[in-house]
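Here's the structure we're looking at; comments come further down.
Index from 1, following the sequence. Atoms within a ligand are numbered from 1 in the order they appear, just like the ligands themselves.
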Amino acid sequence: MSARIVRTVADLRAALAPHRGDAVGFVPTMGALHEGHLSLARTARAENAVVVLSIFVNPTQFGEAADLAAYPRTEETDVALAAAAGVDLIFAPSVAEVYPTGFATTVSVDGTITGTLEGARRGRSHFDGVATVVAKLLIAVQPDHAYFGAKDAQQVVVVRRMVADLGLAVEIRALPTSRDPDGLARSSRNTRLTAVERGLASVIPRALRRAQDAFADGIRDARLLETDVRGALTAAGLDPEYVEVVDADDLAPIARVERPAVLVVAVRVGSVRLIDNVILTPGVDDRIRIEGNTP
Ligand code: PAF
């Protein structure tokens with residue numbers, strides 16, 4: 001199995017030209033592919049005639065230069081993994097290809113959905129960077145379906161808003177968070193955890209699971225659910241940056257879960273900042289299934 005690599009928008013367009021009219025699925029990534037990305041790619045493979053995956057470590061969405069520098073870059077392995085997952089075409093542009101000299105346009109999504117949670121901690125520029133690069137990638141690839149992981153819940157909400165506002169003809173598909181056997185959400189940053197930190201990080205999904213259980217038992221008070229999760233994290237020695245129950249559509253804070261909500265968490269474990277979440281849907285017991293994890 002092999003996947004073709006293209007590095008310019010011109011080559012990408014030329015490679016896709018014979019397939020216009022076929023369903024094109026697109027998986028945007030920053031590389032360091034893990035099972036989460038690959039499950040997105042496999043779903044894209046099952047749902048489309050052509051699958052494109054991008055690998056681009058987007059500098060404009062990183063706040064800390066150290067985080068950008070430390071971001072794992074593993075292109076050779078990524079290409080092999082993507083090909084095995086059924087990807088046809090890999091778009092791996094340079095920074096100069098995406099942001100040529102004189103580049104002066106920013107796609108900025110306004111309001112609560114970017115001003116809160118990750119936007120409040122990492123600065124609005126983070127989501128400006130995400131919205132701008134995702135808009136550029138969607139315009140270049142012109143996919144029918146684009147695949148994102150639900151772990152980055154706020155990113156999904158921001159991308160959906162941007163796509164709707166710009167009238168881009170693509171369906172944004174958010175797939176359930178891919179998890180390790182102990183429940184930890186898969187992330188390229190997990191490779192930077194030491195063995196001790198990796199053990200500590202597994203407290204995060206256990207804490208989320210507690211909230212899901214409390215929710216399934218009928219607790220609807222958002223502050224109670226947050227307090228329970230925060231308590232489980234701090235008891236393990238973790239100091240969460242935030243634990244919040246927010247509306248699933250616009251990420252506004254809520255007092256009671258009467259409609260779909262998401263409980264979002266950000267925690268720094270050692271030098272690695274991890275985020276995770278669970279969806280809380282009244283009337284639906286959709287708690288995450290964490291294989292091998294019996295909290
Ligand atoms: O989720 C990511 O990996 C990135 O934010 C994305 C969507 C590839 C944009 O750089």
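Side-chain N or O atoms of Asp247 include none that pairs as donor or acceptor with a backbone N or O of Ala252 at under 3.5 Å.
Cluster note: Val27 groups with Ile5, Leu33, Leu38, Leu40, Val51, Leu53, Ile55, Val79, Leu81, Val87, Ile90, Tyr147, Leu175 through ILVMFWY side-chain heavy atoms spaced under 4.5 Å, whether in direct contact or through intervening members.
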For ligand 1, run through the N/O pairs with the protein that fall under 3.5 Å and put one pair on each line.
| from | atom 1 | to | atom 2 | distance (Å) |
| --- | --- | --- | --- | --- |
| ligand 1 | 1 (O) | Gln155 | NE2 | 2.8 |
| ligand 1 | 5 (O) | Gln61 | NE2 | 2.9 |
| ligand 1 | 5 (O) | Gln155 | OE1 | 2.6 |
| ligand 1 | 10 (O) | Gln61 | OE1 | 2.6 |

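Side-chain atoms of Glu118 and Tyr242 include a donor-acceptor pair closer than 3.5 Å. Side-chain N/O atoms of Asp128 and Thr106 include no donor and acceptor closer than 3.5 Å.
Salt bridge annotation for Arg268-Glu64: present, with a cationic side-chain nitrogen under 4.0 angstrom from a carboxylate oxygen. A salt bridge links Asp276 with Arg179: the closest approach of a Lys/Arg side-chain nitrogen to an acidic carboxylate oxygen falls below 4.0 angstrom.
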